[in-house]
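Have a look at the structure below before the remarks.
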Amino acid sequence: MILNEYLKAQNKVNESIIKCSFPIDEIDRFSKSDYRWADNRSKNFQFRTVRKGEIYQFEFGKNFIPEMSYEHRGLVIGIKKKLLYVLPIFSYNVQKHTDVYHPVDFPNSTSDMFLLKSSEFSFISHDSVLKLNDLRTVSINRILYKQSGQISPSSDTYKQIETLVLKKYFPSFQYDFEQSLQSILALQENISNLEADKNNLTEENEKLKAEIESLKKKLVSMAEQ
């Protein structure tokens with residue numbers, strides 16, 4: 001029964017290929033994807049140190065549109081043991097991607113595509129886009145190889161990417177966080193103002209004490225005369 005279901009699935013794929021439902025390029029890509037899965041699924045986990053901000057070539061496998069599929073680059077933004085949280089990266093097409101976000105060129109865009117310009121990142125040979133709304137949880141075994149370069153987690157770009165991802169996936173949480181942050185900053189400012197007022201009062205108090213002492217001395221001097 002199980003074998004029959006498998007053969008049924010394979011026949012369905014073969015029928016689609018015969019009917020030319022898939023471009024030749026995609027047939028090549030999902031064939032490689034299936035082969036990699038069959039070849040690696042029972043292997044031990046890769047032994048490598050992966051860090052946030054690093055970029056790897058991943059095998060994302062076969063997925064439904066508009067999910068990312070097959071072999072693509074990806075930016076690691078989280079690590080949980082052998083699971084990685086990855087944002088896919090793919091080539092930028094100015095005709096196709098008419099709305100993208102860029103902190104300088106398109107700062108007002110709310111697009112799910114973050115433009116990575118080759119003039120700003122030495123590790124990419126042509127402009128690319130980061131898919132902010134397609135965060136993937138993948139096994140470390142989906143890594144094919146490491147790309148050169150990275151986006152440092154301490155950089156403004158990386159911090160902005162993380163913030164935008166939070167807004168895409170957890171808008172209410174991000175809103176509450178930003179409101180709480182504003183409240184904390186306002187409280188800190190009030191504390192600073194109160195401390196400044198306290199210091200001014202302390203100085204005034206010291207001046208008054210000095211004046212009182214001066215008056216006391218004058219009174220004693222006048223009494224002695």
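All figures in this text were calculated on a predicted structure; none of them were measured in a lab. Position 1 is the first residue of the sequence; numbering continues from there.
A 6.0 Å sphere centred on OH of Tyr35 holds no more than 12 heavy atoms belonging to other residues, nucleotides or ligands. At most 12 heavy atoms of other shown residues, nucleotides or ligands fall within 6.0 angstrom of atom CD1 in Ile24. Summarising the local packing, CG of Asn93 is surrounded by more than 12 heavy atoms from other residues, nucleotides or ligands at distances under 6.0 Å. For Arg48, the CZ atom is densely surrounded, since the number of other residues' heavy atoms within 6.0 Å is greater than 12. In this structure, Asn44 places its CG atom where only 12 or fewer heavy-atom neighbours from other residues, nucleotides or ligands lie under 6.0 Å away.
Checking side-chain atoms of Asn205 against main-chain N and O of Leu201 turns up no donor-acceptor pair under 3.5 Å. Side-chain atoms of Ser109 come within 3.5 Å of backbone atoms of Val100 as a donor-acceptor pair (strictly under, hydrogens ignored).
Leu115 and Val94 fall within a single hydrophobic cluster, where Ile, Leu, Val, Met, Phe, Trp and Tyr are joined by side-chain heavy atoms under 4.5 Å apart, directly or via other members.
In this structure, Ile55 and Ile124 have side chains that are not in contact, with every pair of non-hydrogen atoms separated by 4.5 Å or more. Looking only at side-chain heavy atoms (C-beta outward), Arg36 and Glu71 come within less than 4.5 Å of each other. Side-chain contact between His97 and Phe90: present, with at least one pair of heavy atoms (C-beta onward) separated by less than 4.5 Å.
Ser155 and Ile151 get closest at one heavy-atom pair: OG-CG2, 3.8 Å. Residue Leu132 comes nearest to Ser111 through the heavy atom pair CD1-O, 4.2 Å, listed as atom of the first residue, atom of the second, then distance. Of all heavy-atom pairs spanning Phe58 and Val138, the tightest one is CE2-CG2, 4.0 Å. Heavy atoms only, all atoms of each residue included: Ser91 and His126 are closest at OG-NE2, 2.9 Å. Nearest heavy atoms, Met68 versus His72: SD-CD2, 3.1 Å. Taking each heavy atom of Val76 and Tyr158 in turn, the nearest pair found is O-OH, 4.0 Å.
One distance of note links CD of Glu59 with CZ of Arg29; it measures 8.5 Å at 0.5 Å rounding. Note that OH of Tyr92 and CG of Leu130 are 14.5 Å apart. Values are rounded to the nearest 0.5 Å. Here the straight-line distance linking atom OG1 of Thr202 with atom NZ of Lys209 works out to 9.0 Å at 0.5 Å rounding. If you take CG on Leu164 and CG on Leu87, they are separated by 10.5 Å, rounding to the nearest 0.5 Å. Between atom NZ of residue Lys159 and atom OG1 of residue Thr163 there is a gap of 9.5 Å, rounded to the nearest 0.5 Å. Rounded to the nearest 0.5 Å, atoms NZ (Lys32) and CG (Asp28) are 4.0 Å apart.
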Taking distance alone, no hydrogens or angles, what donor-acceptor pairs closer than 3.5 Å link side-chain atoms of residues 78-85 to residues at least two apart or in another chain?
none

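When each of Lys167, Lys52, Lys168 is paired with Glu162, the salt bridge (Lys or Arg N to Asp or Glu O under 4.0 Å) condition holds for Lys52 and for no other. Partner Lys131 forms a side-chain contact (heavy atoms from CB on, under 4.5 Å) with one of Asp134, Val129, Leu135 and no other, that one being Asp134. Under the side-chain contact (heavy atoms from CB on, under 4.5 Å) rule, Arg73 has a single partner from Ile89, Val86, Leu144, which is Ile89.
Using a 3.5 Å distance cut-off with no hydrogens or angles, the side chains of Tyr70 and Glu26 do pair a donor with an acceptor.
Qualifying salt bridge (Lys or Arg N to Asp or Glu O under 4.0 Å) partners for Glu120, counting only residues two or more places apart in sequence or in other chains: none.
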Worksheet item: Yes or no on side-chain hydrogen bond (donor to acceptor under 3.5 Å, both in side chains) for Ser152 and Ser154, after CA distance, side-chain angles and deciding distance?
Response: CA-CA 5 Å; Ser152 172; Ser154 62; 2.9 Å; yes
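The aromatic rings of Tyr101 and Phe114 sit tilted, their planes meeting at an angle between 30° and 60°.
Under a 4.5 Å side-chain heavy-atom criterion applied to ILVMFWY residues, the cluster that includes Trp37 comprises that residue alone.
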